[in-house]
Asker: 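Quick one: the structure is below, questions incoming.
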Amino acid sequence: MAQIALFGLIANRMVKEAVQIEAGGNYFHFYAAGIVITLLYSMAVFISYDIYEEADHGVIEYLLSLPISRRELVLGRAIGGGLRSFLYVAPLMLIVLLMIGITNPFRILIAFAALFLFAFGVSGMSITIAVSIKSHDRFDILLGALNAFIVRLSTTMYPVAFMPEQYATLAQFNPLTFAADIFRWGAGLEASLLANPFLSVLGILMFFSVFTFLGIIFYERQLEGGGWR
Amino acid sequence: MAIIQTVDLTKKFGNFTAVDHLNLSIEEGEIFGLLGPNGAGKTTTLLMLVTVIKPTKGTAYVDGYDITREPDKARRLIGMAFQDPKLMWVVTPWDVLNWHAKVCGLSSLERKKRVKWALTELGLWENRHKSVHTFSGGMRKRVEIAKILIQRPKIAIVDEPTTQIDIVGKHRIWNMIRTLRDEGSTIILATNELYEADLLSDRVAIMHKGKLLVCDSPKKLKDSIVGGDLIEVILEKEAPKTLIEELEKIDKIVEVLVLKPNHLRIYLNRAEEILPQITEFFIKTHLPIQSIRMSEPSLDDVFAHYTGLTIEEAEKR
Ligand SMILES: Nc1ncnc2c1ncn2[C@@H]1O[C@H](COP(=O)(O)OP(=O)(O)O)[C@@H](O)[C@H]1O
Ligand SMILES: [Mg+2]
């Protein structure tokens, strides 16, 4: 953590004036908001490690035997994972908001609602991947690759104008971009990517729905006790 | 109509068949024993019924719901206490049971009442706020059993409920299982303990290597054993094969099972009349007897009748 913050400070000095302007005046604010979102994402992904641990201890069989539908189980897990990550990141989120200065409480509320959904969606995605590949080792590798890809190809660290053109195109469809943008918009940072913040909300909503839905399907189709590594 | 009906229920793990075309029919309100040595496929069968694992072939109907087509509906009727207690992220018995009761949809008032009752009955009340990770195997097992006693599902599955539990605790759990049945649950009891199966079950299915050997009431199963009595003889030396053949020729002896080379189990009629004859036989053949014992057939003899092995031996293989 300390290292990331330090990197942020150094980066702030190094990044050119042009970027400062693109980023809405203060790159450090821009970057701090990005860190919050990256952290939220990483924490929400973490739910899968719970699932692997449960598999190791056989708890998964207990969960699967409970008198509830798979849909309830997956939604419960995704919401639980999302909520937990949100709670973990909340202190940092508040510090960053205070640092940037809250200008519009209404915007913040919208941003929070969207970020809740984002965290649930990430947990849902994480569950989907964990359940469909069932192997702790392969999950680690895949997650590493996915993280590198999804974080780099988003506006969490750099404004879209500062990216190579192909990157920028992809970044526009990245849920992490949506989340970072909506957070910055909520905090009153006039960030650069989306003219309309509601597109971000819409994107997050779609992301959430797709992965919760996929999570349920995979739970139903793939998952059974035993056979996990 | 049967509350549970399995139809050619089969589970393979790779090439290994753990459950092999199982056809069982369980009546509402009975305690149904599933008896077999370790590895017989009991747990695998139960996990399929509770929809935790999926059949490779065949299916089962739980109160009319096909477990492969409507697993959500089937699952809602069942509660299972696992063979290996499943610990969770919540660690005290109080929290484990409350969480379970909550997921099962009990109101907070009912929850408190039942959790308290179960913890008290099972002698866990004093330890309700201690971490289950510090518990002995027997205590964990009791927490596991408490789950279904609280849940009171329509169909309650208990997988080896009293292993690692002392005899007083066993009797307490057996009584609670009976009470659960009397309150309206159908019970499926998987066990490798003959006495437990015999004592509790209205009917017993005996499994071996994934297959059903036989299914009936314990009494009928025991009565079906050839020869109404049995004598166990332990010799000081190994008995040669020829000798066993000769022994079987004695009138009223129906079958001789060689448990170990020096340990014979003799099925026969009117044991008390031929006992002297048998003792004499061994003296004549210069095989000193270490011990001799007369007893009634048990479910083990039913198992032995079908497999040529006692359950204990079957577990060693
Ligand atoms: N997940 C699994 N993968 C591979 N083999 C398994 C698995 N679960 C059980 N088995 C095997 O299936 C057989 C039956 O096991 P089980 O149903 O646990 O028997 P029981 O409960 O009667 O002791 C055993 O030989 C066991 O090793
Ligand atoms: Mg078992």
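Basis for what follows: all heavy atoms, side chains included, without hydrogens, waters or symmetry-related copies. Not measured: the values here are computed from a predicted model. Below, chain A is the first sequence line, B the second, and so on; all start at residue 1.
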Asker: Any chance CZ of A:Arg152 has more than 12 other-residue heavy atoms, nucleotides or ligands included, within less than 6.0 Å?
Answerer: no
Asker: Within residues 179-192 of chain B, which residues come under 4.5 Å of chain A, heavy atom to heavy atom?
Answerer: none
Asker: Please enumerate all residues that pass salt bridge (charged side-chain N to carboxylate O under 4.0 Å, His left out) together with B:Arg172, with sequence neighbours excluded.
Answerer: none
Asker: Could you walk me through whether A:Glu72 and B:Arg75 pass the salt bridge (Lys or Arg N to Asp or Glu O under 4.0 Å) check?
Answerer: CA-CA 13 Å; A:Glu72 288 167 298; B:Arg75 192 183 313 119; over 6 Å; no
Asker: Could you give the distance from CG (A:Leu66) to CD (B:Gln151), rounded to the nearest 0.5 Å?
Answerer: 7.5 Å
Asker: Is the B:Phe82 ring parallel, tilted or perpendicular to the A:Tyr62 ring (thresholds 30°, 60°)?
Answerer: perpendicular
Asker: Please name all residues satisfying salt bridge (charged side-chain N to carboxylate O under 4.0 Å, His left out) with B:Arg178, sequence neighbours left out, ordered by chain then number.
Answerer: none
Asker: With a sphere of 6.0 Å drawn around CG of A:Leu98, does it hold more than 12 non-hydrogen atoms of other residues, nucleotides or ligands?
Answerer: yes
Asker: If you count the non-hydrogen atoms of other residues, nucleotides and ligands that lie under 6.0 Å from OH in A:Tyr49, is the total more than 12?
Answerer: yes
Asker: Please give me the minimum heavy-atom distance between A:Arg70 and B:Asp72, naming the atom from each residue.
Answerer: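 Looking at all heavy atoms of both residues, the shortest contact is N-OD1, 3.4 Å.
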Asker: Do other residues, nucleotides or ligands put more than 12 heavy atoms under 6.0 Å from B:Lys170 NZ?
Answerer: yes
Asker: For A:Met99, look at atom CE and say whether over 12 heavy atoms of other residues, nucleotides or ligands are found less than 6.0 Å away.
Answerer: yes
Asker: Looking at A:Phe46, I'd like to know if its CZ atom is crowded, meaning that more than 12 non-hydrogen atoms belonging to other residues, nucleotides or ligands lie closer than 6.0 Å.
Answerer: no
Asker: Which residues, numbered in order, of residues 33-49 of chain B come under 4.5 angstrom of chain A by heavy-atom distance?
Answerer: B:Leu47
Asker: At their closest point, which heavy atom of A:Leu64 faces which heavy atom of B:Thr51, and how far apart are they?
Answerer: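 In this case the closest contact between A:Leu64 and B:Thr51 is O-OG1, 4.3 Å.
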